[in-house]
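Following: one structure in structure tokens, then a few remarks.
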Amino acid sequence: MKILSLNTGLPGYDHGLDLVLKIIHETLSELGVDVVQMNLALMTIPYYDGQRCAVIDNIVKTAESASAVIIGAAVSPYGKGAALEVFAEHLEHPAYAGCISGKNCMPVLTHKGAGIRAALEGYSRMLHRAGANDAVRVTLRGQTGVPPGDEARAYLERQAEEFYRMARANRKFFLPEEYADEAGAYAHAGDAPRLRLLPAAEEVPPARPEDELLKKLGISSVKEEQERDISEITQFFANKLGTAQTPPQVPAPVQTAEVRPRKQNLFAEELQDTAAAAPPRLPTCRQLTQSLVHHFQPQMSAGVAETIQFNISGEEGFSGHIAINGGECAYLEGEAAQPDITILADSEVWKQVVKGKVTAQKAFMVGQLKVRGNFVLLSKFEQLFNTGAQR
């Protein structure tokens, strides 16, 4: 595996960036990675005038052949580094578009304590517009010529190892919606992206008398949303007996239109384009289902070794399955050989389930979702996957 490392720090003024990158490169080399190093600050890169140039041709060719990219910079309160800004402007040329699209990247920033937050945001915007992802971020307050201490070295080694795992697995990602439909020279990140989300911490509910009964039934907790579902299911059965009104319906998705910003260049301020408004690019039903593995809760899967098959019909129909085993899970396209449970649903209904707007069990009870196989696994679906994080 090859990783390109772009150093944009000027020797003698880099807040220790060269020494930080050296530790990261050594860690990756020990893992068998071929690290190709380039220092943009030492290259003669002309200002972008709309034309190709030989220096950028060489960098882009290396970037295209690399599995991932490291971008190192020394941050000051006054900017993110002239060399990288000029390089970023060159990426606007159609010949260079997509050179890092779909790649996981690692910004490595050294600083003196000022400007780091704005710099991280700037690098994140640059990578997203180019179709890439700042998969792992490294920031370190350093000093030129002074090696990082033991604690800082351990931190850098852990971050390098995490980046290696992501690059080796070629983990896909969702571009933020702001950049997912960029016009012009920038390519998308592929048809199986992912979005790295951190679910909000949940408060632990107070102990209740019925907890012991729930434990015997194999249910860890009942949230407020699940209580509403139970009420609606009760209403549904009352309907069947002719003692209630209309059964609850799964809400239809609502799409809104918004004005899209247009870009000036990779680092410039975004200008509002009021000439046209385009609908937002929403993740497809297939992408939402693929993303379930990133909301998997292994602490809830003790003793679970099952395969869940999805046969989704309708406008966004597809087939795929998730295999769960030993606290790990993976999504695979197509039909599983021997699934433990098969879920059959229309794509619009299934979207509501994977977004956490309706539980799989409620959709089944109201007849909008069908199941074959181990029905008990359906009742554990929301415990295994934090579907509310996809809202």
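The figures that follow rest on heavy atoms only: side chains count, while hydrogens, waters and symmetry mates do not. Residue numbers start at 1 and run along the sequence shown.
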Is there a donor-acceptor contact under 3.5 Å from the side chain of [X] to the main chain of [Y]?
X	Y	value
Lys355	Leu288	no
Glu89	Tyr47	no
Thr8	Gly72	yes
His93	Gln51	no
Thr62	Asn58	yes
Gln297	Gln383	yes
Ser124	Glu121	no

In the single-linkage hydrophobic clustering (I, L, V, M, F, W, Y; side-chain heavy atoms under 4.5 Å), do [X] and [Y] co-cluster?
X	Y	answer
Ile24	Leu31	yes
Leu377	Phe375	yes
Leu42	Ile45	no
Leu109	Leu19	no

Is the shortest side-chain heavy-atom distance between [X] and [Y] below 4.5 Å?
X	Y	result
Tyr331	Thr289	yes
Ile71	Leu127	yes
Glu328	Phe296	no
Ser313	Leu344	no
Val55	Thr44	no
Gln368	Gln352	no
Ser347	Arg286	no
Gln338	Thr307	no

To the nearest 0.5 Å, how far apart are [atom1] in [X] and [atom2] in [Y]?
X	Y	atom1	atom2	result
Phe87	Ile56	CZ	CD1	5.5 Å
Ile343	Lys370	CD1	NZ	14.0 Å
Phe163	Ile3	CZ	CD1	5.0 Å
Asp134	Leu120	CG	CG	8.0 Å
Leu156	Glu151	CG	CD	11.0 Å
Thr284	Glu316	OG1	CD	5.5 Å

Nearest heavy atoms of [X] and [Y], plus distance in Å:
X	Y	answer
Ala363	Val358	N-CG2, 4.4 Å
Leu140	Ala152	CD1-CB, 4.0 Å
Asp340	Ala305	OD2-O, 4.2 Å
Cys99	Val60	CB-CG1, 3.5 Å
Leu4	Ile59	CD2-O, 4.2 Å
Ile312	Cys285	CG2-SG, 4.2 Å

- Item | Evaluation steps, side-chain contact (heavy atoms from CB on, under 4.5 Å), between Gln37 and Asn7 | CA-CA 7 Å; Gln37 303 178 44; Asn7 183 347; over 6 Å; no

- Working for side-chain contact (heavy atoms from CB on, under 4.5 Å), residues Phe364 and Val353: CA-CA 11 Å; Phe364 171 77; Val353 174; over 6 Å; no

Does atom [atom1] ([X]) have a neighbourhood of more than 12 heavy atoms from anything else shown, all under 6.0 Å?
X	atom1	value
Arg168	CZ	no
Asp150	CG	no
Arg372	CZ	no

- Item | Tyr48/His90 under ring-ring contact (aromatic ring centres under 6.0 Å, His included): CA gap, chis, key distance, verdict | CA-CA 6 Å; Tyr48 181 60; His90 277 277; 5.2 Å; yes

- Message: Looking at Glu162 and Arg165, is there a salt bridge between them, counting it only when a charged N and a carboxylate O are closer than 4.0 Å?
- Response: yes

- Stepwise salt bridge (charged side-chain N to carboxylate O under 4.0 Å, His left out) test for Glu64 and Lys61: CA-CA 5 Å; Glu64 289 175 338; Lys61 183 178 180 181; over 6 Å; no

- For side-chain contact (heavy atoms from CB on, under 4.5 Å), just list the numbers for Arg141 and Thr110, CA-CA rounded to whole Å, side-chain angles, deciding distance to a tenth of an Å, and then say yes or no. CA-CA 6 Å; Arg141 186 167 183 168; Thr110 56; over 6 Å; no

- Would you call the rings of Trp350 and Phe310 parallel, tilted or perpendicular if under 30° counts as parallel and over 60° as perpendicular? tilted

- Message: As a quick check of understanding, evaluate side-chain contact (heavy atoms from CB on, under 4.5 Å) for Asp57 and Arg52, giving each step before the final call.
- Response: CA-CA 7 Å; Asp57 282 344; Arg52 296 179 58 171; 3.1 Å; yes

